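Below is one structure, written out as structure tokens; comments come after it.
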Amino acid sequence: MNIALIGYGKMGKLIEQKALARGHKVVCIIDKDNLQDFDSDAFRSADVAIEFTTPATAADNIRRAWDANVAVVSGTTGWQAALPELQKQLANNGKALFWSSNFSIGVNLFFALSKRMAELMKPYNEYEASITEIHHIHKLDAPSGTAVTLAELTGVATDSIESIREGEVPGTHILTYESGVDKLELTHEAKSREGFALGAVVAAEFMQGKKGYYTMSDLLKIQ
């Protein structure tokens with residue numbers, strides 16, 4: 001499979017390693033200094049583009065890839081307000097987009113467990129739910145996209161999420177239910193970025209030949 005990379009920071013470089021290790025070819029790498037390469041033959045030869053950039057540029061990057069008839073897997077967070085408009089366009093333009101706030105298989109299983117936990121806890125008003133997320137100091141958005149997704153699944157208010165930035169932490173998310181007598185917690189702690197990178201490449205493999213909008217729930221068949 002021919003893959004284009006949009007964004008060549010730490011995640012982009014790690015995705016490149018994972019893609020090559022799985023036998024794929026990286027045919028084009030676009031970063032902030034060579035945006036003109038969206039119009040190149042190399043970019044148009046890609047089966048899928050994997051996009052990890054910034055909240056301010058993600059939506060435009062996706063549209064430019066679509067203009068080149070390239071499907072997109074995007075892991076950029078912090079721009080979700082623009083996502084519904086892109087989904088509307090997908091209904092008519094025959095393009096393809098796979099978006100996730102987190103490509104880790106473990107995180108997506110954590111989402112499913114958290115959703116079920118919220119259902120179980122709903123009758124017990126004595127428990128107060130909260131979310132804490134911890135990431136490295138370079139992360140641009142707060143709260144994290146993963147934490148926002150977790151809040152949407154569990155009914156926790158997004159403006160109550162506690163965001164902590166320290167060191168080089170890859171990502172820790174904690175869902176807590178606490179009463180006056182006890183506390184329940186579900187935690188996902190990433191040990192490195194490798195799980196995110198591998199998940200993005202697996203998502204790109206999943207998207208070959210597909211049209212429309214997909215998420216990790218479609219890939220993992222989690223409802």
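In this text, all values refer to a predicted model and were calculated from it rather than measured experimentally. Because only heavy atoms are used, hydrogens play no part in the values below, and waters and symmetry mates are left out as well, while side chains stay in.
- With rounding to the nearest 0.5 Å, the separation of CD in Glu133 from NZ in Lys139 is 7.5 Å.
- Listed here is the closest heavy atom pair of Gly75 and Phe103: CA-CE1, 3.4 Å.
- In this structure, Lys183 fails the cation-pi test against Tyr177, since its NZ or CZ atom is not both closer than 6.0 Å to the six-membered ring centre and inside 45 degrees of the ring normal.
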Checking salt bridge (Lys or Arg N to Asp or Glu O under 4.0 Å) for the pair Lys122/Glu119: CA distance, chi angles, key distance, verdict?
CA-CA 5 Å; Lys122 191 172 183 179; Glu119 293 168 353; over 6 Å; no
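- Lys32 NZ: 12 or fewer foreign heavy atoms inside a 6.0 Å radius.
- Considering all non-hydrogen atoms of both residues, Val27 and Ala4 come closest at CG2-N, 4.5 Å.
- For the atom pair NE2 (His173) and CG (Asn102), the distance works out to 7.0 Å, reported to the nearest 0.5 Å.
- Scanning for side-chain hydrogen bond (donor to acceptor under 3.5 Å, both in side chains) contacts around Arg64 gives an empty result, with sequence neighbours left out.
- Using a 3.5 Å distance cut-off with no hydrogens or angles, the side chains of Glu185 and Thr176 do pair a donor with an acceptor.
- Taking the six-membered ring where tryptophan is involved, the planes of His136 and His138 are tilted, since the angle between them lies from 30° to 60°.
- Separation of atoms CD (Glu178) and OG (Ser130) is listed at 7.5 Å; rounding is to 0.5 Å.
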Hey, mind stepping through Phe38 and Phe43 against ring-ring contact (aromatic ring centres under 6.0 Å, His included) and telling me if it holds?
CA-CA 6 Å; Phe38 273 110; Phe43 185 80; 5.2 Å; yes
Side chain to side chain contact (heavy atoms under 4.5 Å, CB included), that's the test. Do Ile134 and Glu162 meet it? Break it down for me.
CA-CA 8 Å; Ile134 309 167; Glu162 181 182 11; over 6 Å; no
How far apart are the C-alpha atoms of Thr154 and Ser114, what are their side-chain angles, what is the distance that settles it, and do they pass the side-chain hydrogen bond (donor to acceptor under 3.5 Å, both in side chains) test?
CA-CA 7 Å; Thr154 58; Ser114 298; over 6 Å; no
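- Seen from the ring of Phe206, Lys210 counts as a face-on cation partner, given the 6.0 Å and 45° thresholds.
- Going from atom CD of Glu194 over to atom CG of Leu14 covers 5.5 Å, rounded to the nearest 0.5 Å.
- In this structure, Gln208 places its CD atom where more than 12 heavy-atom neighbours from other residues, nucleotides or ligands lie under 6.0 Å away.
- Using a cutoff of 4.0 Å between basic side-chain nitrogens and carboxylate oxygens, Glu168 and Lys10 are scored as salt-bridged.
- Rounded to the nearest 0.5 angstrom, Leu83 CG and Tyr213 OH are separated by 4.5 Å.
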